[in-house]
S.K.: 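A single structure is presented below for examination.
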Protein chains: 2
Amino acid sequence: MKYNLIIADDHKMFLDGLLSILDTESDYNILFTAKHGGHVKKYISINTEEQIDLVITDVTMPEVDGIALNKWIKKTDRNIKTLVVSMHNSAKIIDDLIENNVDGYLQKNAQKEEFLRAIETILGGEKYFSKEIKDIYLQNKFEKNKEKEIKLTKREVEVISLIAEEFTTQEIADKLFLSKHTIESYRKNLITKLNVRNLAGLTKYAIKKGYVS
Amino acid sequence: MKYNLIIADDHKMFLDGLLSILDTESDYNILFTAKHGGHVKKYISINTEEQIDLVITDVTMPEVDGIALNKWIKKTDRNIKTLVVSMHNSAKIIDDLIENNVDGYLQKNAQKEEFLRAIETILGGEKYFSKEIKDIYLQNKFEKNKEKEIKLTKREVEVISLIAEEFTTQEIADKLFLSKHTIESYRKNLITKLNVRNLAGLTKYAIKKGYVS
DNA sequence: GTATTCATCCCAGAAAACAGGGATTTATGA
DNA sequence: TCATAAATCCCTGTTTTCTGGGATGAATAC
């Protein structure tokens with residue numbers, strides 16, 4: 001029995017490459033290829049009777065991207081596996097996909113063997129993620145949890161941003177039309193809250209958070 | 001008259017994809033494909049009589065990578081054009097390639113049309129770089145020039161690192177077995193040199209330079 | 001509806017950073 | 001070798017930050 005696959009990628013070259021490595025495997029039957037997620041949604045919606053085993057999709061595509069497509073497929077209750085391939089390993093993308101029960105994730109520069117292994121693994125009912133991807137996901141989770149404990153208010157963010165932009169307390173007070181005592185309090189609270197020692201620590205935090213560059 | 005091409009990439013899938021889009025074009029004759037730069041060097045060395053028009057190569061390959069390969073080809077005086085494709089847009093890689101007279105650079109997620117356009121352009125004797133790549137190159141040049149003007153000594157780097165790690169002047173002095181006056185001087189010089197206002201500016205510089213994280 | 005957080009303001013003393021001077025010895029490059 | 005840069009140290013003020021208190025109204029959450 002052959003597995004039915006759908007592939008979505010707006011890059012002709014990648015598509016051709018993928019088709020060529022799947023061609024050598026007789027187990028796979030390519031039902032449909034698409035240049036964006038919308039076509040895949042439509043195809044799946046129309047062919048309600050057909051058994052679709054796996055959708056392989058790129059992340060970046062016009063209109064409906066891979067993230068949205070995965071989400072949509074996983075809501076259909078039709079037990080369609082998803083394998084997402086991407087150029088880049090963004091923690092945000094990986095996180096979003098895993099939260100939406102994606103079955104596998106590969107970087108586009110993976111070797112032929114890894115592609116085939118991933119597809120086999122997923123069709124066998126298991127998840128497939130490389131060690132690197134797992135690490136990124138866990139690292140991200142870990143950081144997000146740490147961040148959750150420390151939550152800055154709007155004003156605090158404003159103040160720490162200006163501190164990191166090299167303004168003095170008095171200057172910040174003038175800018176925000178507040179008393180310099182107020183800013184001093186904010187600075188004090190920030191140092192305590194963020195568990196740092198001084199302005200350098202505040203600045204580093206602000207940069208890490210992207211409040212300044 | 002057909003153009004003679006060589007392609008080097010250790011990713012079967014990419015290779016297949018590239019071959020498939022070149023297949024539709026009758027102008028190109030693929031002389032040779034390789035999984036790493038060493039094979040290409042050998043091929044070119046042996047076939048001294050053969051006209052080789054273009055080598056398309058990946059950056060990351062085992063043993064001899066695309067950067068080394070481009071350098072080598074450009075030293076041969078055989079007027080072989082080079083088109084480098086890469087997964088990532090690293091300023092360092094782009095800079096190195098352009099300094100070594102590469103004829104074009106593409107990101108691997110380029111569309112079929114861009115690949116063909118790039119190859120045509122290069123074979124026509126012109127360079128091919130996307131706007132994005134040009135921007136990265138120029139931005140990098142610009143930053144490198146700015147950096148050249150500001151050069152920190154070993155000691156200054158040590159001091160600014162510790163400052164950014166939230167140590168006070170006295171603590172740094174103790175750590176480095178120096179007088180606190182010395183550290184004060186360094187801090188003062190750093191503020192002047194780097195044209196910042198205070199500790200926050202020093203910290204930001206240290207982070208940008210990767211002295212601390 | 002009350003407990004908590006947010007946003008605001010105030011004070012005082014100590015510690016540290018900042019600004020603006022110099023000076024000496026040791027490398028080092030032209 | 002002679003000038004320049006690097007590394008080190010010193011001083012005096014002034015400004016800013018840091019520490020450790022405290023207070024109040026308003027909004028928000030439980």
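The analysis underlying the following values was restricted to heavy atoms, covering all of them including side chains, and did not include hydrogens, waters or symmetry mates. We name chains A, B, ... by the order of the sequence lines, and we start the count at 1 in each one. Owing to the predicted nature of the structure, the values given are computational and were not obtained by experimental measurement.
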S.K.: Tell me whether the rings of A:Y43 and A:F32 are parallel (<30°), tilted (30 to 60°) or perpendicular (>60°).
M.R.: parallel
S.K.: Rounded to whole Å, please give me the gap between CD1 in A:I163 and P in C:dA17.
M.R.: 15 Å
S.K.: What nucleotide among C:dT8, D:dC9, C:dA19 has an atom nearest to a side-chain atom of A:L178?
M.R.: C:dT8
S.K.: Go through D:dT8, C:dT8, C:dC9 for me and flag the one nearest to the B:R155 side chain.
M.R.: D:dT8
S.K.: OP1 or OP2 of D:dC18 less than 4.0 angstrom from a side-chain nitrogen or oxygen of A:R197, does that happen here?
M.R.: no
S.K.: Under 4.0 Å between a side-chain nitrogen and a carboxylate oxygen: does that hold for B:K204 and A:E165?
M.R.: no
S.K.: Expressed as a whole number of angstroms, how long is the span from A:E156:CD to C:dC6:C1'?
M.R.: 8 Å
S.K.: Is any side-chain nitrogen or oxygen of A:H181 closer than 4.0 Å to OP1 or OP2 of C:dT8?
M.R.: no
S.K.: Between A:Y137 and A:E99, is any side-chain donor less than 3.5 angstrom from a side-chain acceptor?
M.R.: yes
S.K.: Pick the closest DNA chain D nucleotide for A:I191 and for B:Y186 by heavy atoms, then say which residue is nearer the 5' end.
M.R.: B:Y186
S.K.: Search all heavy atoms of A:I163 against all heavy atoms of B:A200 and return the closest pair with its distance.
M.R.: O-CB, 3.5 Å
S.K.: Quickly work out the A:F167 CZ to C:dA17 P distance and round it to whole Å.
M.R.: 21 Å
S.K.: Whole Å only: how far is the CG atom of B:L199 from the P atom of C:dA19?
M.R.: 12 Å
S.K.: Is the phosphate of C:dA17 approached by B:T169 (side-chain N or O, under 4.0 Å from OP1 or OP2)?
M.R.: yes
S.K.: Expressed in angstrom and rounded to an integer, what is the separation of A:L162 atom CG from D:dT17 atom C1'?
M.R.: 16 Å
S.K.: Could you state the atom-to-atom distance from CG of B:L176 to P of D:dA7 in whole Å?
M.R.: 12 Å
S.K.: By nearest heavy atom, map A:E184 and A:K193 onto DNA chain C; which one lands nearer the 5' end?
M.R.: A:K193
S.K.: Counting N and O atoms only, with roles assigned by atom type, does the side chain of B:K74 sit under 3.5 Å from a partner on the main chain of B:I80, one being a donor and the other an acceptor?
M.R.: yes
S.K.: Out of D:dA7, C:dC9, D:dT17, which has the shortest distance to the side chain of A:S179?
M.R.: C:dC9
S.K.: Looking at every strand, decide which applies to B:T182 at a 4.0 Å heavy-atom threshold: base, sugar-phosphate, or nothing.
M.R.: base
S.K.: To the nearest Å, give me how far apart CG (A:N189) and P (D:dT19) are.
M.R.: 12 Å
S.K.: B:T153 side chain: which of C:dC18, D:dC10, D:dA7 is closest?
M.R.: D:dA7
S.K.: For A:K180 and D:dT15, give me the distance from atom NZ to atom P, rounded to whole Å.
M.R.: 11 Å
